[in-house]
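Read the numbers this way: they start at 1 and go in the same order the structure lists the ligands and their atoms. All values derive from a computational prediction rather than experimental measurement.
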Amino acid sequence: MAFEELCNAVEAGDRDKSKSLAQKLVEGGGDPLAIIEALTGVMDRIGERFARLEIFLPEMMMAGEAMSVVVKILTPHLKAGSTGQSRGKVLLGTVKGDLHEIGKNIVKLMLEAGFYEVKDLGVDADPVNFIKEAEEFGADVIGASSLMTTTMPHQKEIIDILKDQGKRDRYKIVIGGAPTTVEWAEEIGADLYAPDAGSAPRLLGGLLKK
Ligand code: B1M
């Protein structure tokens, strides 16, 4: 019941209600990953309603903020016990022109929970900056998130610049975000497509072993 109420509160963009319901759910033993999965479905619905002009930018923003509040509440529960030996360094960001960060932030959490060290470039990150920061951080992996068809080409741009600079072999490249696909990853020459945050640590583990 609280689960459904939480989904409704996030969809309605009610931050306070979302916060207290999320707190209640995790304190009652609710699975944080299941909560995130359900809320990702809610955000998909929000996106569809936005595309159909049933709701507008302010409503989409409020729902996004409510989801971010819930992610904050869930963070310590997702990260619990994540102090093992580092499995690798990931430089992560949302690509240029793209301000969507909720999914990327969840990926960061899941990677940290899976014993990866993550440096987060935030949103609207320039491709050249991805590479510069990856060098400085000593990254093994560059992870680029894109939530819009219009910003997906910047994932490719990172790879193209690496190739131009003769540095492509230094990093494994992982891409993700709702409009991206395994076919897109192959087309642009990425090493990995991660469909969701939950599978990212395992898929990355497999990739780094190769
Ligand atoms: Co915007 N938005 N938005 N938005 N927004 C979408 C993406 C859209 C699909 C909605 C729609 O029209 N149906 C559409 C894009 C259409 C397109 O492709 N061209 C859209 C649009 C058009 C826009 C604006 C242009 C609207 C406007 O201004 N007129 C504008 C653009 C701003 C910009 O970026 N320059 C805009 C703005 C916003 C808000 C600011 C209001 C807000 C973002 C708030 C924030 O992030 N702080 C927002 C939101 C909330 C959405 C939707 C509704 C939800 C996104 C989300 O957070 N989902 C979205 C609709 C949708 O995606 N279905 C939509 C939940 C999240 C957990 O899922 O991000 O997919 P997701 O992440 C998943 C996986 O994809 C994966 O793991 C995550 C967890 O499992 N993953 C990775 C993500 N990154 C990964 C990286 C990896 C691996 C896995 O490795 C590196």
Side-chain angles (χ1 to χ4, degrees), residues 7 10-13 15 18 32-72 74-75 78 88-114 116 118-125 130 134 139-155 158-159 171-182 184-185 188 190-205 207:
C7 290
V10 169
E11 186 158 358
R15 285 169 55 120
S18 303
L33 265 185
I35 297 173
I36 283 179
E37 245 170 62
L39 292 181
T40 302
V42 170
M43 298 312 276
D44 284 345
R45 201 157 60 234
I46 287 284
E48 285 157 17
R49 290 175 61 201
F50 175 76
R52 289 199 299 264
L53 304 180
E54 288 171 16
I55 58 167
F56 298 96
L57 195 56
E59 283 102 326
M60 188 156 79
M61 279 172 87
M62 284 164 69
E65 281 168 18
M67 170 123 190
S68 293
V69 165
V70 174
V71 172
K72 246 188 206 153
L74 301 181
T75 298
L78 285 165
K89 288 183 165 191
V90 184
L91 191 278
L92 182 67
T94 300
V95 297
K96 190 169 152 186
D98 201 322
L99 302 176
H100 296 87
E101 64 178 348
I102 300 172
K104 184 263 299 162
N105 290 346
I106 299 172
V107 170
K108 174 173 187 256
L109 274 174
M110 295 308 296
L111 288 177
E112 286 174 344
Y116 291 92
V118 182
K119 180 162 185 188
D120 185 0
L121 276 187
V123 296
D124 190 20
F130 265 94
D140 305 295
V141 178
I142 294 177
S145 176
S146 161
L147 259 289
M148 297 196 288
T149 47
T150 47
T151 59
M152 283 164 59
H154 295 303
Q155 294 177 318
I158 297 170
I159 297 172
Y171 308 101
K172 298 287 187 193
I173 310 287
V174 53
I175 63 150
T180 63
T181 59
V182 69
W184 172 244
I188 66 174
D191 297 292
L192 179 71
Y193 163 66
D196 52 53
S199 62
R202 180 180 47 80
L203 292 174
L204 218 58
L207 181 69

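If you look at I102 next to ligand 1, the close heavy atoms, those under 4.0 Å, come from the backbone and the side chain alike. The proximity of P195 to ligand 1, defined as any non-hydrogen pair under 4.0 Å, is limited to the backbone. With a 4.0 Å cut-off on non-hydrogen atoms, L39 does not touch ligand 1 at all.
Protein heavy atoms all stay at least 4.0 Å away from atom 59 (C) of ligand 1. Shown here, atom 37 (C) of ligand 1 is in close reach of the protein: a heavy atom of it lies under 4.0 Å off. Protein non-hydrogen atoms do reach within 4.0 Å of atom 7 (C) of ligand 1.
With A194, A178, G177 as candidates, the residue nearest to atom 83 (C) of ligand 1 on a non-hydrogen basis is G177. Around atom 80 (O) of ligand 1, the closest heavy atom drawn from G198, A63, A197 belongs to A197. Between G41, G103, A66, it is G103 that holds the heavy atom closest to atom 73 (C) of ligand 1.
Remark: E101 pairs with no residue by the salt bridge (charged side-chain N to carboxylate O under 4.0 Å, His left out) rule, at least two apart or across chains. Every residue two or more places apart in sequence or in another chain that forms a side-chain contact (heavy atoms from CB on, under 4.5 Å) with A194 is listed here: V174, A200, L203. Partners of H154 under the side-chain contact (heavy atoms from CB on, under 4.5 Å) rule, at least two apart in sequence or in another chain, are V95, K96, T151, E157.
Among all protein heavy atoms, the one lying closest to atom 19 (N) of ligand 1 is T149 OG1, 3.0 Å. For atom 67 (C) of ligand 1, the nearest protein heavy atom (residue, atom name, distance) is T40 OG1, 3.5 Å. Closest to atom 46 (O) of ligand 1, if we only count protein heavy atoms, is E101 N, 2.8 Å. Closest to atom 40 (C) of ligand 1, if we only count protein heavy atoms, is M61 CG, 4.3 Å. The protein heavy-atom contact nearest to atom 54 (C) of ligand 1 is M43 CB, 3.8 Å.
The atoms of ligand 1 that sit less than 4.0 Å from any heavy atom of V107 are 77 (O), 81 (N), 82 (C), 85 (C), 88 (C), 89 (C). Annotation for ligand 1: atoms under 4.0 Å from non-hydrogen atoms of D98 are 34 (O). Those atoms of ligand 1 with a heavy atom of G143 less than 4.0 angstrom away are 91 (C). Interface atoms of ligand 1 facing L92, defined by a heavy-atom separation under 4.0 Å, are 91 (C). Close contacts of ligand 1 with D196, meaning ligand atoms under 4.0 Å from a residue heavy atom, involve 76 (C), 77 (O), 80 (O).
Salt-bridge annotation for E11 and R49: present, with a side-chain N of the basic residue lying under 4.0 Å from a carboxylate O of the acidic one.
Each protein N, O or S atom less than 2.8 Å from atom 1 (Co) of ligand 1 was counted, giving 1.
Remark: distances from the non-hydrogen atoms of P179 to ligand 1 are all 4.0 Å or more. Within the 4.0 Å heavy-atom cutoff, S68 does not count among the residues contacting ligand 1.
At a 3.5 angstrom cut-off on N or O pairs, S145 counts as close to ligand 1.
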